[in-house]
Amino acid sequence: MKNDPVFSGYIYIVEDQWDIYALELDITGTQARIPIVDIISLQQQNFSYSETNDTWAKISQSMDFRFGMLGIKGDGRYTAVYSNYEFNTGLTRKDFSREIVAFEKEANKKDSIFWQTIRPVPLTLEERTDYIKKDSLQTLRESKPYLDSLDRANNKFKLGNLLGYTYQNSHKDYRLGFDIPLIGGVQFNTVQGYAANANVFYVKNYDDYKRFFRS
């Protein structure tokens, strides 16, 4: 049935071995139980055979999709390329931690020459334009004049800051201030008069790994 949660398409199998070496499958949003999606197309191609391990390994995978909601339509694609397989490594459950995903140090700061040598799928014109725009905006938002202008606006003391105020220096990445609890923050006695129980703090961030000092 057209609304059943199943794929339609082609699966390519190695003759006499019954191993999958490619597939081209489609599923509609109704079938996938994702109403805003029109169709999802999944392709796994260019499987490679390892004689040592007698295994067909997936080399590339792409997923195309079209969606529409409230008159807004769009499409997209995810592409993944796999390499450097290690088969039968003898790993057990004890070899894994709670870590879900990890990235190499400075992975997001490689230059274009590095990506040209390692990226198997070239960027599209739209992607290159988008990255150039985002890199320019990031450079601007990390500049001292821009950060100082934000701090000047945010550091202005207002009437609403009587129970709490934070001064920040975004360029040097620190902030300090105080806050007074609504309950028990301001007390009165006949000897001392009014007294405020304020919490004073200072926070200094050190790097992109969210290491910081707080007092």
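Keep in mind it's a predicted model, so treat the numbers as computed, not measured.
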- Query: Does atom CD of Glu127 have more than 12 heavy-atom neighbours from other groups under 6.0 Å away?
  - Reply: yes

Hydrophobic clustering (ILVMFWY, side-chain heavy atoms < 4.5 Å, transitive) - are Leu147 and Val203 grouped together?
no

Quiz item: Is Lys204 reaching over with its side chain to a backbone N or O of Lys172, donor-acceptor style, under 3.5 angstrom?
Solution: yes

Closest non-hydrogen atoms of Thr28 and Gln31, given as atom of the first, atom of the second and distance, are N-OE1, 3.0 Å

- Message: Quick one, Phe157 with Tyr167, criterion side chain to side chain contact (heavy atoms under 4.5 Å, CB included). Give me CA distance, side-chain angles, the key distance, then yes/no.
- Response: CA-CA 9 Å; Phe157 192 87; Tyr167 173 88; over 6 Å; no

Task: Ser41 side chain to Asp26 side chain, donor-acceptor N/O pair below 3.5 angstrom - done: yes

- Task: Evaluate the side chain to side chain contact (heavy atoms under 4.5 Å, CB included) criterion for residues Phe201 and Thr166: first the C-alpha distance (whole Å), next the side-chain angles of each, then the deciding distance (0.1 Å), finally the verdict.
- Result: CA-CA 9 Å; Phe201 61 87; Thr166 299; 3.4 Å; yes

Is there a side-chain contact between Arg175 and Asn205 (heavy atoms, below 4.5 Å)? yes

Applying side chain to side chain donor-acceptor pair (under 3.5 Å), run through Gln61 and Gln44 and close with a yes or a no.
CA-CA 4 Å; Gln61 173 176 288; Gln44 294 179 351; 2.5 Å; yes

Value for CD (Gln138) from OG (Ser143), rounded to nearest 0.5 Å, stands at 11.5 Å

Closest non-hydrogen atoms of Ile27 and Phe7, given as atom of the first, atom of the second and distance, are CG2-CE2, 3.5 Å

Check for me, please, whether Tyr12 and Trp56 land in the same ILVMFWY cluster - side-chain distances under 4.5 Å, paths through other members count.
yes

Quiz prompt | Same apolar cluster: Ile34 and Leu70, side chain cutoff 4.5 Å | solution = yes

Separation between CG (Asp130) and CG (Asp135), nearest 0.5 Å, reads 9.5 Å

Do Ile11 and Met63 belong together in a cluster built from hydrophobic side chains that touch within less than 4.5 Å?
yes

Note: Lys156 and Asn161 closest approach over all heavy atoms is O-OD1, 3.7 Å

Phe114 CZ: over 12 foreign heavy atoms closer than 6.0 Å: yes

Which of Asp173, Asn155, Asp151 passes side-chain hydrogen bond (donor to acceptor under 3.5 Å, both in side chains) with Gln168? Answer is Asp151

Inset, instruction - For the pair Tyr146 (side chain) and Thr139 (backbone), establish whether a donor and an acceptor sit closer than 3.5 Å, ignoring hydrogens and angles. - result: no

Between the OH atom in Tyr21 and the CD atom in Glu15, the distance rounded to the nearest 0.5 Å is 10.0 Å

dist Trp18:CH2 -> Ile13:CD1 (nearest 0.5 Å) comes out at 6.0 Å

Q.
Run the side chain to side chain contact (heavy atoms under 4.5 Å, CB included) test on Leu91 and Phe96 for me, step by step, so that the C-alpha distance in whole Å, both residues' side-chain angles and the decisive distance to 0.1 Å come before the verdict.
A. CA-CA 8 Å; Leu91 294 174; Phe96 297 90; 3.9 Å; yes

| message | Starting from Leu25, can I reach Phe67 by hopping between I/L/V/M/F/W/Y residues whose side chains sit under 4.5 Å apart? | response | yes

Is the shortest side-chain N to carboxylate O distance from Asp64 to Arg77 below 4.0 Å? yes

Rounded to the nearest 0.5 angstrom, the OG-NZ distance for Ser48 and Lys58 is 13.5 Å

Closest non-hydrogen atoms of Ser62 and Thr79, given as atom of the first, atom of the second and distance, are CB-OG1, 4.1 Å

Notebook entry, point to check: Does CZ in Phe87 sit with more than 12 non-hydrogen atoms of other residues, nucleotides or ligands closer than 6.0 Å?
Noted result: yes

Do Val200 and Leu176 have side-chain heavy atoms sitting under 4.5 Å apart? no

request  = I would like to know whether Leu23 and Leu42 meet side chain to side chain contact (heavy atoms under 4.5 Å, CB included); could you show each step before the answer?
outcome  = CA-CA 8 Å; Leu23 57 83; Leu42 178 65; 4.2 Å; yes

Practice item. For residues Leu125 and Arg128, determine if any side-chain heavy atom of one lies less than 4.5 Å from a side-chain heavy atom of the other. Key: yes

Say whether, by atom type as modelled, one donor and one acceptor occur between the side chain of Asn154 and the main chain of Leu150 under 3.5 angstrom. yes

In short, side chain to side chain donor-acceptor pair (under 3.5 Å) pairs touching residues 89-100 with sequence neighbours left out are Thr92-Asp95

If you draw a 6.0 Å radius around OH in Tyr131, do more than 12 non-hydrogen atoms from other residues or ligands fall strictly inside?
-> no

